[in-house]
Protein chains: 2
Amino acid sequence: MTMEDVAREAGVSVASVSRALSGARRVRDDVLENVQRAARKLGYQLDPIARALRSGRSGTVGLVVPDIASPFFPALASGLESGLRETGTSMFLLSAQNDPDLERECVDQLIARRVDKILISPVHHVRSRRIVDQARSSASIVQVDRYASLRTHRVLTDPRQTIGLVLDHMASQGCVRFAFVGAADSASVSISRLAAYRTKVKQIDASGVERTLAGDYSLGWGHEAAKRILQHWSDVDAVVCGNDLIALGVIQEFIKQGRDVPKDVAVTGCDDSVFSSTSRPSITSVEQPVTVMAVRAIGLLSGHFTNDPVTALLKPKLIVRESTRRNLECASTPKRLSTSSANQNNEI
Amino acid sequence: MTMEDVAREAGVSVASVSRALSGARRVRDDVLENVQRAARKLGYQLDPIARALRSGRSGTVGLVVPDIASPFFPALASGLESGLRETGTSMFLLSAQNDPDLERECVDQLIARRVDKILISPVHHVRSRRIVDQARSSASIVQVDRYASLRTHRVLTDPRQTIGLVLDHMASQGCVRFAFVGAADSASVSISRLAAYRTKVKQIDASGVERTLAGDYSLGWGHEAAKRILQHWSDVDAVVCGNDLIALGVIQEFIKQGRDVPKDVAVTGCDDSVFSSTSRPSITSVEQPVTVMAVRAIGLLSGHFTNDPVTALLKPKLIVRESTRRNLECASTPKRLSTSSANQNNEI
DNA sequence: ATGAAAGCGCTAACAC
DNA sequence: GTGTTAGCGCTTTCAT
């Protein structure tokens, strides 16, 4: 079943069929109708492989995530897929398993398959830069959540706001001595959050600038970090963590050592993972506006910004839970899930 | 950069280059070497689109999951991707968003792109059957975790063993009055687990056969189900849940109503989600052997079983946690706070 | 074992 | 606007 069959059925040339079906060039209305009817009658489907070979385009988009097994990326992928489906584009997802070399292979695969739009959350702040920049020449590309190149569009949750939200909140709960526990890896978010903490904490607790710890995104590192805090900085009453898993570890260790969370020390996470609401105490965290990210990223993908790369900094949302609620007078009634699903994640 | 360039460089015909590079047919050793050297020198890469068009195959595999945002599937996808990477095949992941129609589109997309191997976890026990069976004529296909067709290979965790493990365990903890809380959806696992419960519980507590509740895989349904149990079957001391989220909801509601878990009533989940180990009480659950699933599925994909469809029933693993530990003499010391970030799920 | 040549199904020039 | 035709880069007969 090829175009030739449709052409015969419709009584026109294959070129007309192609033009009618691809919508690229104009054809007469009666031709269009004839072709569409013939195609429907025969159950004809355009062959994406043949058209990709001939035209060099495929009309599909590829998404490369650092690791599909990490908590945040399935949600991101889901949001992007939904958004794209509305425009009728299908998305192919690849996971780089946190390895820049595999990431390069993934991108090369996509390009070789004539994918003309690539969404990527680069594994490594530095090592992913080349592959991102190189891909620019073969496809339109947007970095999501993480980034490696400043010459390519980016849409990410503003790390300054993310950290700002938790610091302000903890300060409002009466915290005065801050510390930060992050990861030493090379994802841009890790780096940005640490930097944002250093900048912001000065205004609240200048000594907090020195109190930063870097390990990895694991429960075990949270335990270790909590021990170090108790040992060296026992007067700390607010710990900002780079993600929820670390926060959970920190909290567990504090409790084990007889500290009360949040009364003795308040703790926050990042990214609002599932277990943040179910662990006990539940963990105050910062939610990323996944849906908005998807919309903005998709917009940038197809937008014809011939000039400068654009950076979309999105507004995160603080989710207050038990791990920081020390101030009983101020605390609103504990609502775990916001009732309004309305989107307040307006971009700045 | 095409094959012609390589042919010229190597001093042979394009046909020989094709033969040498694809490894399909034999070429003389010196030709092989010449071609490989030329290809390397020029940095030549085979064009997957052109070869797919001409040969009808692509050498890649597609994975269609019901919903990438659901807890279990990222892990499954990750396992499959790792396994495939070892064989040098790249995998494209598609999510059907729990919609059989979208699932059909995904499969059609893959077939249109000449993917010759498809891994699928069908959305719907019945409605996905046709698409799975139809795909068989265009690609070798294996159902993973869920299934919709008995005419196609399946690899899944044995639901009877899964349910058997939790029932036996609870019985050993002294439980005598059982109930089951599952989902009314149409994924094969939901159906199988319910059926397995009905069959197995007879041997322990015949009246338990009648005590089954079906809702959906949500926290809210867990709350609701717990209320109903307290209302109608207040003497129940063991609740088997279809997944961890339901179990969590059930536990929360029981505690809210003043029951002690596990002393008054023991509760189990399924699938061993992240939060099972972090919620309090932590939830006894059954882990699916993802790695083994991946290995078996990949094996079936390429195995040339011309005859009957094979069914691989894999062995699940019970993870005992606080939600069922009532028997103090038998219980090992409850360790919630492991310091190592190493996997603490080997605590059977 | 190798080369020449015919397509895979489509789109993009190019004529009309 | 529409049809004719030449490829996109490769694999696969078919000769040799």
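Only heavy atoms go into these numbers, but all of them, side chains included; no hydrogens, no water, no symmetry mates. Letters A, B, ... mirror the listed sequences (proteins, then strands); counts begin at 1.
- The phosphate of D/dC10 has neither OP1 nor OP2 within less than 4.0 Å of any side-chain N or O from B/R57.
- Atom-to-atom, CG of B/L46 to C1' of D/dC8 comes out at 15 Å; the value is rounded to the nearest Å.
- The interatomic distance linking A/M3 (CE) with C/dC8 (C1') rounds to 14 Å, in whole Å.
- Comparing B/T2 and B/R19, the nucleotide of DNA chain D nearest to each residue sits closer to the 5' end for B/T2.
- Using a 4.0 Å cut-off, some side-chain N or O of B/S16 falls inside it from OP1 or OP2 of C/dG3.
- In this model, the phosphate group of D/dT12 is not approached by any side-chain N or O of B/R54 to a distance below 4.0 Å at OP1 or OP2.
- Close to C/dT11, at under 4.0 Å from its OP1 or OP2, lies a side-chain N or O of A/S18.
- Of all nucleotides listed (C/dA5, C/dT2, C/dC10), C/dC10 comes nearest to the side chain of A/A50.
- Between the CD1 atom in B/I298 and the CG atom in B/L119 there is a gap of 7.0 Å [rounded to 0.5 Å].
- Considering only side-chain N and O atoms, B/R26 lies nowhere under 4.0 angstrom from the phosphate OP1 or OP2 of C/dA1.
- Electrostatic pairing of A/D133 and A/R130 does not count as a salt bridge here, judged by no charged N lying under 4.0 Å from a carboxylate O.
- Distance, B/D5 CG to D/dG9 P: 9 Å, rounded to whole Å.
- Remark on DNA chain C: of its neighbouring residues B/R114 and A/S55, the 5'-side contact belongs to B/R114, judged by nearest-heavy-atom nucleotide.
- As a whole-Å value, the separation of B/D47 CG from D/dG9 P is 7 Å.
- Residue A/L53 contributes atom CG, which lies 6 Å from atom C1' of D/dG9 at whole-angstrom precision.
- Judged by distance alone, with hydrogens and angles left aside, the side-chain atoms of B/R154 form no donor-acceptor pair with the main-chain N or O of B/V142 at under 3.5 Å.
- Among D/dC8, D/dG3, C/dT2, the nucleotide with an atom closest to any side-chain atom of B/V31 is C/dT2.
- Regarding contacts with the backbone of C/dT2, a side-chain N or O of B/R28 is found under 4.0 angstrom from either OP1 or OP2.
- Here C/dG9 presents its C1' atom at 13 Å from CG of A/L21, a figure rounded to the nearest Å.
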Worked verdict on B/R113 versus B/T60 for side chain to side chain contact (heavy atoms under 4.5 Å, CB included) = CA-CA 10 Å; B/R113 296 218 138 66; B/T60 59; over 6 Å; no
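- Using a 4.0 Å cut-off, some side-chain N or O of A/S13 falls inside it from OP1 or OP2 of D/dG3.
- Taking atom CD on B/E4 and atom C1' on C/dA5, their separation rounds to 13 Å, with Å as the unit.
- Surrounding CZ of A/R104 are more than 12 heavy atoms belonging to other residues, nucleotides or ligands, all under 6.0 Å away.
- A/Q45 places its CD atom 20 Å from the P atom of C/dC8, with the value rounded to the nearest Å.
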